[in-house]
Amino acid sequence: MSAQSAPANDRMETIVSLAKRRGIIFQSSEIYGGLNGFFDYGPLGAELKRNIRNAWWEDMVHRRDDIVGLESSIIMHPRVWEASGHVEGFTDPMVDCRESKQRFRADQLFFAPVVVVGEDGAETTIGYVSALESEDTAADLQARAEDLKRKLGARGTLKPLVVADITAAHPEEIEKIPSPATGKPGSLTPPRSFNLMFETHVGALRDASSVAYLRPETAQGMFVDFKTIVDTTRVKLPFGIAQIGKSFRNEITPRNFIFCSREFEQMEMEYFIHPDADWFACHEEWLQWCRDWLISIGIPADLLSFDEHPKEKLAFYSRRTVDIMFRYPFGVQELWGIAARSDYDLKQHAKHSGKPMEIFDEATKSKVVPHVIEPAVGVDRILLAVLCSAYYEDEVEGEKRTVLRFHPRIAPYKVAVFPLLKNKPPLVERAQALYRALKRKYNVFYDESGAIGRRYRRQDEIGTPWCVTIDFDTVEKDGTFTIRDRDTLEQQRITEDQLFAMLEEKLG
RNA sequence: GCGGGCAUAGUUUAGUGGUAAAACCUCUGCCUUCCAAGCAGAUGUCGACAGUUCGAUUCUGUCUGCCCGCACCA
């Protein structure tokens, strides 16, 4: 039975338990009761995460000619976030309906006073109407206003409605605006805003002038440092800047294990292209690249899908955004966002800093502000996807077996080395020699405790792809030992040279 | 942020107004020639803080965390 067939909740809890039990991932600050939205990666989790990071960096930066790396600081000048729109835009004012317990985004909740003009020309406000944003919000409100007039039996003619979203409402008006959920006034709260950026202070003085933010994304580093990189590295369009690093968002409700946490690690790449280049084709190429990459580290293609953001939901500076979705146990959710971001960010920084954000393009002999294609992904989300797709339970000779089928490239340990028996010194010596030889090049594990079958199962549970066992034939006959495959359980006899050659081939 | 449920060992669970147990895991020894064997032993637990009480893991409150639903999600 694969983990995918178990009930969603159980499957996720099982994976969370395993992660804890084997020291892969656990809650931050557990001895103090834990802290919501923060996680620690234990010895195995740290290896797994590092391997994912390294694989991405190797493929994205080292193995390409057109992408360079960057590590920008987590705390940047606060004006960076004014230019990027995060100081304003990361604030989502929300309105709650106390009665129905529903919550609405304030900028999507519209209202209008209903004003009737009497025969004598006097204007009377008979009440308020409200409606959520829809295909035709104005028509909805109009219909409700007419309804209200009819119900109250008001005489006179309706004045044309003045529609505004609820952020524009006066506090005394909030009390009179009906909740779109119940149709009755008096249950709405004033709009309350949540800024998702963590604030801190730089320097000893703690006042408004010392406020700084922990970055909510790594991308701005690439834009802010764009000019310096262009001036110092001889890059030519099209080219990319890649960065891996921590970002922080003060999420209202962190959920689903490490899927949505308050401190997370991003791998982002900004690919700069000529403004006249075929951005759509470039976007498509990156979509494909990212999907192929996920498959290359062992994520099954059938758990992946694309989600194209509808035009009306795009941020105003985005021409197109497509998310690569993954079928997590708790549902199909975003894994990797690939956005065509236009030249918005560079132009914003040019405007706010007063420094030109241009590059001289040899091909067209012109100075241009490039456009950007941005594949942005969370290391933690990839790790979760990897963990969920690697988890299997099967049966071996009537016993349940838990196995993590990690791709060898990202498995924490590549090989485990066992002496068949630990009370036979020649076996132990030979096993330890092999262990030391392997360790120079790979992360490997040595284990001599317990029955051999138990040792195999322990490695299965942490996803070690191969186990080798030194037996009497190894030391008395031909030097060969058995290598046992995690997924097929097959055993073969091979020599040390063959083992190294195989690892070179599978991991190189 | 709202509503509901939950919190006992690393994991899964039992249990009690008189400071707690099992299985698995882990560790040690014996044994063991390839898939969680056996025997002997060992480590380790009532989420936190108050209150009631002679005494609270148990009752009450607050907090924290986890799960589910709603809402939100760059």
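Throughout, a chain's letter reflects where its sequence line sits, starting with A, and its residues are numbered from 1.
Rounded to whole Å, the distance from CD1 on A/Ile462 to P on B/C25 is 16 Å. Atom CD1 of A/Ile15 and atom P of B/C66 are 18 Å apart (whole Å). Distance, A/Ile24 CD1 to B/G10 P: 17 Å, rounded to whole Å. Rounded to whole angstrom, the span from the CD atom of A/Glu448 across to the C1' atom of B/U28 amounts to 12 Å. Straight-line distance from the CG atom of A/Asp473 to the P atom of B/U33: 14 Å, rounded to whole Å. The CZ atom of A/Phe264 sits 11 Å away from the C1' atom of B/C73 (whole-angstrom rounding). Rounded to whole Å, the distance from CZ on A/Arg430 to C1' on B/U33 is 18 Å.
Put simply, A/Ser17 has a side-chain N or O that comes within less than 4.0 Å of OP1 or OP2 on B/U12.
Residue order along RNA chain B, read from the 5' end via each residue's closest nucleotide, puts A/Gly37 first among A/Gly37 and A/Arg255. Judged by closest nucleotide on RNA chain B, A/Phe257 is the one of A/Phe257 and A/Ser261 placed further toward the 5' end.
Here the two rings, on A/Tyr328 and A/Phe330, have centers that are under 6.0 Å apart. Checked against a 6.0 Å centroid threshold, the rings of A/Phe272 and A/Phe226 count as neighbours. Aromatic ring centroids of A/Tyr213 and A/Phe248 lie 6.0 Å or more apart.
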Notebook entry, point to check: Tell me, for nucleotides 35-51 of chain B in 5' to 3' order, what letter each nucleotide earns: B for a base near a protein heavy atom under 4.0 Å, S for only sugar-phosphate near one, - for neither?
Noted result: BBS--------------
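Within a 6.0 Å radius of CD in A/Glu71, other residues, nucleotides and ligands contribute 12 heavy atoms or fewer. Residue-environment remark: CD (A/Gln492) stays at or below the threshold of 12 foreign heavy atoms within 6.0 Å. No more than 12 heavy atoms of other residues, nucleotides or ligands shown are found within 6.0 angstrom of CZ on A/Arg50.
A/Phe257 pairs with exactly one of A/Phe39, A/Phe26, A/Phe264 by the ring-ring contact (aromatic ring centres under 6.0 Å, His included) rule, that one being A/Phe39.
Minimum atom distance to the side chain of A/Gln27 is reached by B/C66, of the listed B/C66, B/C34, B/G29. Listed nucleotides: B/U32, B/U33, B/C68. Nearest to the side chain of A/Asn423: B/U32. Taking only side-chain atoms of A/Lys20, from C-beta outward, the nucleotide of B/A71, B/U32, B/U11 with the closest atom is B/U11. The A/Asp471 side chain lies nearest to B/C34 when the options are B/U33, B/G1, B/C34. Nearest nucleotide to the side chain of A/Ser449, out of B/U28, B/C34, B/U32: B/U28.
Not a single donor-acceptor contact under 3.5 angstrom links the side-chain atoms of A/Thr253 to the base of B/C72.
Side-chain atoms of A/Ser261 and A/Arg381 form no donor-acceptor pair, as typed in the model, at a separation below 3.5 Å.
No cation-pi contact links A/Arg262 to A/Phe198, judged by a cut-off of 6.0 Å to the six-membered ring centre and 45° from its axis.
At the heavy-atom level, A/Arg381 lies under 4.0 Å from base atoms of the strands shown.
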Margin query: Could you write out RNA chain B as dot-bracket? Rules: Watson-Crick or G-U wobble, both distances under 3.5 Å, brackets [ ] for crossings, | for pairs with another strand, dot for unpaired.
Written below: (((((((..((((....[..)))).(((((.......)))))....(((((..]....))))))))))))....
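Without hydrogens or angle criteria, A/Arg144 side chain to A/Ser130 main chain gives a donor-acceptor distance under 3.5 Å.
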